[in-house]
Peer 1: 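Just dropping this structure here.
One-based numbering along the sequence shown. Indexing begins at 1, ligand by ligand and atom by atom, following the structure's order.
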Amino acid sequence: MQFEIETTPANAIYKLLIGMVAPRPIALITSMDEEGRLNAAPFSAYNYFGIDPPIIGVGIQNRPAEPATPKDTARNIRRTGEFVVNVVTEDIAQKMNICATDFPAEMSEVELAGFTTVPSQLVKVPRIAEAHAALECREYATMEIGSSRIVLGRVVAIFVEDHYVDPAGPYIKAEELHAIGRMNGLGNYVRTRDAFMTIPRIPYEQWKKNRQ
Ligand SMILES: Cc1cc2nc3c(=O)[nH]c(=O)nc-3n(C[C@H](O)[C@H](O)[C@H](O)COP(=O)(O)O)c2cc1C
């Protein structure tokens with residue numbers, strides 16, 4: 001099938017994109033409003049984009065209803081400039097999904113999902129205690145493009161539980177962390193348990209030798 005963007009409804013394009021740009025890591029973002037009310041929501045339009053300084057990016061769509069309003073996460077980041085990306089692993093997947101429910105503003109997703117929080121190192125926004133790794137971020141820039149916001153966050157502190165770190169790198173022991181990925185809009189996710197392929201990088205000299 002072929003789809004022309006001009007004649008394809010935006011929600012169809014969304015469904016195609018999220019099934020094709022997959023699997024995607026999931027950022028469970030904690031953020032706070034000006035009164036210190038905590039919010040948590042998952043975002044899979046998420047990746048890292050820079051190392052020095054460390055930059056991550058998150059795509060946050062406006063709520064579909066008219067008039068267009070930003071999601072609480074986007075609004076909080078704009079107003080307070082801080083957020084935490086909590087890494088989503090298999091053991092917290094169900095709770096993460098509860099945080100995506102459109103609860104009324106006065107209800108706390110964090111509590112309703114059964115999460116608890118602990119203070120972060122540098123930002124006011126706490127991290128999720130049940131998450132095994134987290135990135136503390138300050139807003140670097142936000143681009144508004146149509147109904148989307150692309151939030152770039154500068155990572156100011158990193159937390160990983162000790163036993164998930166191989167100090168030799170330091171590498172993350174991905175085969176033990178069990179992060180999950182989002183596959184499409186049908187509630188499908190991928191486990192990373194038992195699914196590892198190791199493909200070492202090939203230096204050019206080695207590549208030439210292999211051809212001989
Ligand atoms: C796994 C998962 C990934 C999601 N990824 C995104 C995303 O990348 N961008 C987005 O705007 N919404 C995404 N959502 C929907 C938001 O989590 C949902 O709209 C949430 O209610 C927003 O909460 P907030 O208003 O508290 O920010 C995702 C939902 C799930 C379950």
Peer 1: Looking at side-chain heavy atoms only, is the closest gap between Phe83 and Ile56 below 4.5 Å?
Peer 2: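 Heavy-atom side-chain distance check passes, below 4.5 Å.
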Peer 1: Mind checking what makes side chain to side chain donor-acceptor pair (under 3.5 Å) contact with Thr116, not counting sequence neighbours?
Peer 2: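 Scan of Thr116 (side chain to side chain donor-acceptor pair (under 3.5 Å), adjacent residues dropped) gives Glu130.
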Peer 1: Counting only heavy atoms not in Glu35 (residues, nucleotides, ligands), do more than 12 fall under 6.0 Å from its CD?
Peer 2: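 Yes, the 6.0 Å shell around CD holds more than 12 heavy atoms from other groups.
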Peer 1: Measuring from each atom of ligand 1, which residues have a heavy atom under 4.0 Å away?
Peer 2: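 Under the 4.0 Å cut-off, ligand 1 touches Asn39, Ala41, Pro42, Phe43, Ser44, Ala45, Gly59, Ile60, Gln61, Arg63, Lys71, Asp72, Thr73, Met96, Asn97, Ala100, Glu109, Arg182, Tyr189.
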Peer 1: Counting C-beta onward and ignoring hydrogens, is there a side-chain heavy-atom pair between Glu176 and Tyr164 closer than 4.5 Å?
Peer 2: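 Yes, close enough: below the 4.5 Å cut-off.
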Peer 1: In Å and rounded to the nearest 0.5 Å, what is the OG1 to NE2 distance from Thr89 to His178?
Peer 2: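 Here the rounded value is 9.0 Å.
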Peer 1: Answer yes when Glu82 and Lys124 have at least one side-chain N-carboxylate O distance shorter than 4.0 Å, and no when they do not.
Peer 2: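 The answer is no: the pair does not qualify as a salt bridge.
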